[in-house]
Amino acid sequence: MNRKWDVIGSEGFKFMGKMNASISHEIKNVLAIINENAGLLEDFTLMAGKGQGLDPERLKSLAGKIQHQVQRADRIIRNMNTFAHSVDETRKKVDLGEVVAFMAALSERPASMKGVALEVTPPLRPISITTNPFLLEILIWRCLDFAMAVCGTGKTVVLKTERNDQGANITFSQLKRLSDASSRTWFPQDLENALADSLGAEIVVNESVGEIVLGLPENIE
Amino acid sequence: MRVILIDDEEELVSTLAERLSFRGIDADWATSGRQALEKIAEISYDIAVVDIKMPQIGGIELKRMMSKKYPHMKFIFMTGHGSEEDFITGTEEAGAEYYLVKPVDIEELTEKLKQVMGWQGGRK
């Protein structure tokens, strides 16, 4: 029992660190772009001071680019805030489709660094489950991280959320290299099994169709 | 002096290139290591300003690939984080001439480009 929580606790810190590093990197990029656009505006005004005309369309375009980056930063910071609050409660009713979409958004940069695209297929109707939100996020991330490693040449991972009799399934599909002998031994390992056990979840690896299915109960005990 | 700026953020490198051109530096840009390798195969550049963390081919790997084929090229690294570890990796281990932290100060970049090329006002 203690070992299980040691494994989960250690991974929780690593997960927090990884996501924070990714988010801060994105914010730095946004700031760098705003800085260059503001600098370009300054260059134009300096040139105008020397008698060169200012093009209103160019100025309008630059203002639009800055506004776009501010909106991008706002989205990143909203995600960061949602992520920070996921540790607030150890048992909470969540919209599973929203959690999966959120995790895909949070994983966008790590996926992009690996050249992988993430496609989210939302459920037809909202699916509410009562679970531990932070542990669920770690487990989705672990499945996704592995899925990205075995998606093969297609370089796309599809995440689909559906209702089932006991609760819901999250399916990670298009994992073309899942049946490779070397891939099969990687997953699930102690950590994923410990997380699944804590959430009352089940991980099924379907090598023949290249899918991992994460089954979640409607309500954790 | 001909410079290529390489970063996966297109708006960043295209704007930086335009600002460098106002300062008398001929600058081009690429948004991936692969695109940079294609451009370098066609056009000769003196310096590459490269983001360390890029999808697929990172800055350090790109430098290794380019240095083998184009030994005359010099490199300046950019990074979002200015940790000492990044600095050591970038300058000492990977052998870049200089290391810039984002957001980039255009005057610092201009100055460093000129220094790296030993540019004293006229074209080298």
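Each chain gets a letter, A, B and so on, in the order the sequences are listed, and its residues count up from 1. Computed from a prediction, not measured in an experiment: that's the story for all the values here.
- Around atom NZ of A/Lys155, more than 12 heavy atoms belonging to other residues, nucleotides or ligands sit under 6.0 Å away.
- Between A/Lys28 and B/Gly80, the shortest heavy-atom contact is CE-O, 2.8 Å.
- In A/Met113, the CE atom is crowded: over 12 heavy atoms of neighbouring residues, nucleotides or ligands sit closer than 6.0 Å.
- Both the backbone and the side chain of B/Gln56 come within contact range of chain A, each with at least one heavy atom under 4.5 Å from a heavy atom of that chain.
- Interface remark: of the candidates A/Ile27, A/Leu62, A/Asn35, A/Leu46, A/Asn35 forms the most heavy-atom pairs closer than 4.5 Å to chain B.
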message: Using the rule given for side-chain contact (heavy atoms from CB on, under 4.5 Å), can you reason through B/Glu10 versus A/Ile33, listing the C-alpha separation, both sets of side-chain angles and the distance that settles it, and then say yes or no?
response: CA-CA 9 Å; B/Glu10 180 176 339; A/Ile33 294 169; over 6 Å; no
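- A salt bridge links A/Glu36 with B/Arg19: the closest approach of a Lys/Arg side-chain nitrogen to an acidic carboxylate oxygen falls below 4.0 angstrom.
- A distance of 9.5 Å separates CD of A/Gln69 from CG of B/Leu12, quoted to the nearest 0.5 Å.
- At a threshold of 4.5 Å between non-hydrogen side-chain atoms, the residues B/Thr15 and A/Asn37 count as touching.
- If you tally non-hydrogen atom pairs under 4.5 Å between each of A/Ser24, A/Ala21, A/Ala111 and chain B, the highest count goes to A/Ser24.
- When the shell of 6.0 Å around NZ of B/Lys39 is examined, it contains more than 12 heavy atoms from other residues, nucleotides or ligands.
- Neither the backbone nor the side chain of B/Met78 comes within less than 4.5 Å of any heavy atom in chain A.
- Most heavy-atom pairs under 4.5 Å with chain A, from the set B/Arg23, B/Met54, B/Glu11: that is B/Glu11.
- The pair A/Arg58-B/Glu18 counts as a salt bridge, with a side-chain nitrogen and a carboxylate oxygen less than 4.0 angstrom apart.
- Here CD of A/Glu42 is found 11.0 Å from CD1 of B/Ile106. Values are rounded to the nearest 0.5 Å.
- Counting heavy-atom neighbours within 6.0 Å of A/Lys92 NZ, excluding the residue itself, gives a total of 12 or less.
- Ionic pairing of A/Glu26 and B/Lys53 is not present here: no N-O contact between side-chain nitrogen and carboxylate oxygen is shorter than 4.0 angstrom.
- Closest heavy-atom contact between A/Ser112 and B/Pro55: O-CB, 2.9 Å.
- With hydrogens and angles disregarded, no donor-acceptor distance shorter than 3.5 Å links the side chain of B/Lys102 to the backbone of A/Asn29.
- Heavy atoms from other residues, nucleotides or ligands lying under 6.0 Å from CG of A/Leu124 number 12 at most.
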